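All remarks here apply to the structure that follows.
All values below come from the heavy atoms of this structure, side chains included, with hydrogens, waters and symmetry mates left out. A quick note: this is a predicted structure, and the numbers were derived from the prediction, not measured.
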Amino acid sequence: MKIGQKTEIPGALAQTGSAKRAQSPPGAAVGAGTPAGSLAGVPVTVSGAAHVLDPAARSSADYDAGKVQSVRSALEKGNFRVSAQVVATRMISDAQEILARPRV
């Protein structure tokens, strides 16, 4: 393309799309934005961290609904108090747990 030369954008896009279809193997997804159709059969693994993020994998045992409601109620009433000692102790405990995990 030369500078100053006007091209029809829709025509250029149509040519690009037909060129992609011509190069794609039969049955491959065209226009999906990724070459996933050409990678069929490639094994995929999901990390443990990704499983933790899945809301469907969480159970109701992950939190105590009664305790959540009592904290919410205390916050609304203005009675909720934070103990700096408890927060510090839990932070140290969590940090020790993280540091003790084997590195992958």
Side-chain angles (χ1 to χ4, degrees):
M1 176 177 179
K2 293 182 181 178
I3 296 176
Q5 180 182 3
K6 295 183 182 181
T7 61
E8 289 185 29
I9 298 297
L13 292 176
Q15 290 174 356
T16 304
S18 63
K20 284 182 182 177
R21 274 187 238 105
Q23 293 175 355
S24 299
V30 177
T34 61
S38 63
L39 297 177
V42 175
V44 175
T45 58
V46 180
S47 71
H51 284 293
V52 172
L53 297 175
D54 182 16
R58 295 181 186 164
S59 68
S60 61
D62 287 344
Y63 69 96
D64 182 1
K67 186 171 184 177
V68 170
Q69 184 57 38
S70 68
V71 170
R72 180 176 289 152
S73 175
L75 284 169
E76 289 171 352
K77 293 176 184 174
N79 300 344
F80 187 75
R81 301 281 184 245
V82 177
S83 169
Q85 182 66 33
V86 172
V87 171
T89 302
R90 297 260 173 97
M91 287 177 67
I92 291 170
S93 168
D94 288 348
Q96 289 173 336
E97 180 183 328
I98 290 170
L99 292 172
R101 291 181 189 162
R103 296 181 191 246
V104 180

Worksheet item: So which residues get pulled into M91's cluster when ILVMFWY side chains under 4.5 Å apart are joined, directly or through others?
Response: V71, L75, F80, V82, V87
Worksheet item: Which other residues belong to the hydrophobic cluster containing I98, where Ile, Leu, Val, Met, Phe, Trp and Tyr are joined when side-chain heavy atoms lie under 4.5 Å apart, directly or via other members?
Response: none
Discussion item. Check R101 with E97, please: is the shortest side-chain N to carboxylate O separation under 4.0 Å?
Written reply: yes
Worksheet item: S73 side chain to S70 main-chain N or O, any donor-acceptor pair under 3.5 Å?
Response: no
